[in-house]
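Down below is the structure, laid out as structure tokens.
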Number of protein chains: 2
Amino acid sequence: MITDQEEISRRLNIKGYRLTKQRLAVLKVLQSTKSHPDANWIYEKVRKEIPQVSLGTIYRTLGILKEAGLLRELNYASSLSHYDANTENHAHVVCTNCGRIDDLPLSLPHKLEVQASKATDFLIADHRLEFYGLCPHCCPSSAD
Amino acid sequence: MITDQEEISRRLNIKGYRLTKQRLAVLKVLQSTKSHPDANWIYEKVRKEIPQVSLGTIYRTLGILKEAGLLRELNYASSLSHYDANTENHAHVVCTNCGRIDDLPLSLPHKLEVQASKATDFLIADHRLEFYGLCPHCCPSSAD
DNA sequence: TATAATATTAGTAACGATTATCATTATGGT
DNA sequence: ACCATAATGATAATCGTTACTAATATTATA
């Protein structure tokens, strides 16, 4: 998670983008939460600081921050994009009832990536590992 | 892949659905291809057999067939749903350039599923493993 | 500090995939 | 054949996301 403003600015400049208060606000909001919010949630949070901000700016900004490697986009079954300030590749657990998404400190064994590369003639660059199930709140017979 | 019409009918009936020629046509089209087509592609194919079919029926049917366990829905970054007649859990490779999706005869080691279950308090029921990269056609310096 | 060149914004319209609505048609059981 | 109910086709509505545009802000340069 990149919090140094100089570094954020540098990363944007590489791509020809400027660091504006809107962009910083979006990134700060995203970095301030462990959840994986969608664009609208970020919009509502940013509005508290910059009331006249528009949803279009949020979308544009998220795309730019992603391009600059400052966040990662996740697409789930809801056909709604969620964003994550953690750009390290990691697994997720998704609640199929309420949509909650948690990180999972788990990485795919290198062996499996090699196996995948051998099994296809695609040039593999990345992967995604997701688990689906019910979160504690949605679990019908939880013991807690 | 379930091809026996009796069995297809039985699976639909369990959920209170009937087997119609539109539903059979959608399933047949999906079973006839190794690709993972989207609703519109299926629509175009089904139209050749049933010209007056509507796109709404395709969507409705795909949802019902999924509910009956006759197909699986995949959601990718394109925010477009793709469908797969293979209901076995398996990995996919997705071309980040042209969107082509291939099967990968690879399954997650059971050990990893156990590891995931221990790392979270979610009740895990399913998982998805996807690799991203470039397919042979989109690979800039392919040796073939 | 003025000025020009360019990037960014807010606001709004447009888009595309998917869903809902509804009158008509088909199906299955009696 | 008749009735109850499910399914269809056509079309309108929905919703997340993108594109457009005139106004504003930022940066570089003189």
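The basis for the numbers below is simple: all heavy atoms, side chains too, and nothing from hydrogens, waters or symmetry mates. Note on naming: letters A, B, ... go to the chains in the order of the sequence lines (proteins, then strands), and numbering restarts at 1 for each one. Keep in mind it's a predicted model, so treat the numbers as computed, not measured.
In this structure, Tyr59(B) does not reach the dT19(C) phosphate: none of its side-chain N or O atoms is under 4.0 Å from OP1 or OP2. Between Thr20(A) and the phosphate of dT9(C), there is a side-chain N or O to OP1/OP2 separation shorter than 4.0 Å.
For the pair Val53(B) and Leu19(A), both in contact range of DNA chain D, the more 5′-proximal nearest nucleotide belongs to Val53(B). For the pair Gly56(B) and Lys21(B), nearest-nucleotide mapping onto DNA chain C gives the more 5' position to Gly56(B).
Distance from the side chain of Thr57(A) is smallest to dT9(C) among dT9(C), dT6(C), dG9(D). Of the candidate nucleotides dG9(D), dA17(C), dT8(C), dG9(D) has the atom nearest to the side chain of Arg60(B). Distance from the side chain of Ser54(A) is smallest to dA10(C) among dG9(D), dA10(C), dT8(C). With distances taken from any side-chain atom of Arg18(B) to the nucleotides dA7(D), dT8(C), dT17(D), the minimum falls on dA7(D). When each of dA10(C), dT8(D), dA17(C) is scored by its nearest atom to the side-chain atoms of Thr61(B), the top-ranked nucleotide is dT8(D). Of the listed nucleotides (dA17(C), dA10(C), dT8(C)), dA10(C) has the atom at the smallest distance from the side chain of Ile50(A). The nucleotide whose nearest atom lies closest to any side-chain atom of Gln22(A) is, among dT9(C), dT18(D), dT18(C), dT9(C).
To the nearest 0.5 angstrom, Arg60(B) atom CZ is 9.0 Å from Gln22(B) atom CD. The distance from the CD atom of Gln31(A) to the CG atom of Leu70(A) is 8.0 Å, given to the nearest 0.5 Å.
In this structure, the OH atom of Tyr17(B) is 18 Å from the C1' atom of dA26(C), given to the nearest Å. The distance between atom CG of Leu65(B) and atom C1' of dA7(D), rounded to the nearest whole Å, is 13 Å. Atom CD of Glu67(A) and atom C1' of dT18(D) are 15 Å apart (whole Å). Rounding to whole angstrom units, OH of residue Tyr43(B) and P of dT18(C) are separated by 14 Å. The interatomic distance linking Leu12(A) (CG) with dT6(C) (P) rounds to 20 Å, in whole Å. Atom CD in Gln52(B) sits about 14 Å away from atom P in dT11(D), given to the nearest Å. If you measure from atom CG of Leu55(A) to atom P of dG11(C), you get 12 Å, rounded to the nearest angstrom. The separation between Lys66(B) atom NZ and dT19(C) atom C1' is 14 Å, rounded to whole Å.
Checked by atom type, the side-chain pair His137(B)/Asn97(B) shows no donor-acceptor distance below 3.5 Å.
Looking at heavy atoms from C-beta onward, Lys111(B) lies out of side-chain contact with Glu113(B) at the 4.5 angstrom threshold.
Counting non-hydrogen atoms of neighbouring residues, nucleotides and ligands closer than 6.0 angstrom, the CD atom of Glu49(B) reaches no more than 12 such neighbours.
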